[in-house]
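Here is the structure we will look at.
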There are 2 protein chains.
Amino acid sequence: MIRAEVAQELRRRGIRVTAQRMAVAEAILGGHEHLTVQEIYQRVKERFPHITIGTIYNTLEVLTSSGIVQPLPFPRGTKYDTNMEPHINLVCIRCGHIEDVRDEEGLLQRLAQEASHCSGYRTVSHHMDIYGFCPRCSS
Amino acid sequence: MIRAEVAQELRRRGIRVTAQRMAVAEAILGGHEHLTVQEIYQRVKERFPHITIGTIYNTLEVLTSSGIVQPLPFPRGTKYDTNMEPHINLVCIRCGHIEDVRDEEGLLQRLAQEASHCSGYRTVSHHMDIYGFCPRCSS
DNA sequence: TTTACTGCAAAGGGTTTGCATGAGG
DNA sequence: CCTCATGCAAACCCTTTGCAGTAAA
């Protein structure tokens, strides 16, 4: 997703498009994925030195409920994912690096459908992590 | 897993079997699944009024690294799962209730294997959540 | 007896909140 | 203009840490 699309999506939802919100969105969407809240804060502060962590949290909540980013809960804080396609997060338990793996065969979807079907849950979203050692940390 | 098995597993690993540790294990394993740390603390305090939250965290770390329980990271704190079989957690985004769904066909396993294979990660464990509304909260 | 665990207290880090000021539509 | 977002500060968890006393093996 790019800048113009973010602005459009916010407007469509009647949410104000502010410079700070766009800066947060660009920090996350611009290349580097899976940033922590602190990392986002540090980046946005380069452009808005007076912005506070409260505004970052506020904006992340807005972007999340607008379907633009996705929070990934971890023991030591939330990271944000910009990949809204169904996918799996490969998490390195040594260095913390996260890699996305696309769900080529649609197995994730199938699994989610089946599970919700036989449980009576009305499914909204799902999330899969695999923990292990990345190639670099394996050696 | 039952009381005697927990004690045995700890001993096997050279970890001391204390009354407090057994109380924590029993609080989690005894029927009610997916407790928060605070809920575990409250229960154990009925038997050990002077126990502190620090000891609860210490014990949860011991039980986790002994493969007896599994931490589930959530935005507002960790819950603990006693189901060590491969399964999916159905999480109600309204009431917070969590239900386990067994991985009948081994799809989860297959998915994990494939993902680790094509990424070069050395896989240790995996974890899948589905978010939605439980039958009670759907109506 | 030796070593690891407990209880206590304090600190650390992530996240939320209340309120006056300021900017978007 | 009116409403909502920002910045500032303080508060609120959740979790970790250091240390002296205590219990397990």
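In what follows, every chain begins at residue 1, and chains take the letters A, B, ... in the order their sequences are listed. Any value given below was found using the heavy atoms of this structure, including those in side chains, with hydrogens, waters and symmetry copies removed.
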Figure out the [atom1]/[atom2] separation between [X] and [N], and round it to whole Å.
X	N	atom1	atom2	result
A/Glu61	D/dA5	CD	C1'	14 Å
B/Glu39	D/dC14	CD	C1'	14 Å
A/Phe48	D/dT6	CZ	C1'	11 Å
B/Ile56	D/dT15	CD1	P	12 Å
B/Asn58	C/dC8	CG	P	15 Å
B/Arg13	C/dA4	CZ	P	17 Å
A/Gln20	D/dC4	CD	C1'	13 Å
B/Ile51	C/dG7	CD1	C1'	9 Å

Quiz item: Excluding sequence neighbours, so at least two apart, what forms salt bridge (Lys or Arg N to Asp or Glu O under 4.0 Å) with B/Glu39?
Solution: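 Applying salt bridge (Lys or Arg N to Asp or Glu O under 4.0 Å) to B/Glu39 gives none.
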Quiz prompt | Value rounded to 0.5 Å, distance of CD1 in A/Ile28 from CD1 in A/Ile68 | solution =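 Those atoms lie 9.5 Å apart.
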Partners passing side-chain contact (heavy atoms from CB on, under 4.5 Å) against [X] (at least two apart in sequence or in another chain):
X	result
A/Asn83	A/Glu33, A/Asp81, A/Glu85, A/His87, A/Asp100
A/Arg136	A/Cys134
A/Val17	A/Ala7, A/Leu10, A/Arg11, A/Met22

Answer yes or no: is there a donor N or O on one side and an acceptor on the other, between the side chain of [X] and the main chain of [Y], under 3.5 Å?
X	Y	answer
B/Glu114	B/Leu111	no
A/Thr55	A/Ile51	no
A/Arg3	A/Glu26	no

Quiz item: How does DNA chain D look in dot-bracket form if you count Watson-Crick and G-U pairs under 3.5 Å, write [ ] for pairs that cross, and put | where a base pairs with another strand?
Solution: |||||||||||||||||||||||||
Quiz item: Taking the side chain of B/His50 as its heavy atoms from C-beta onward, which of C/dT6, D/dG7, C/dG7 lies nearest to it?
Solution: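 Of all the options, the side chain of B/His50 is nearest to C/dG7.
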Exercise. Can you check each nucleotide of nucleotides 10-25 of chain C against protein heavy atoms at under 4.0 Å and return B for base, S for sugar-phosphate only, - for none, in 5' to 3' order?
Key: ----SBB------BBS
Self-check item: Ring-face cation of B/Lys45 near B/Tyr41 (centre distance under 6.0 Å, axis angle within 45°)
Solution: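 Cation-pi check for B/Lys45 and B/Tyr41: passes.
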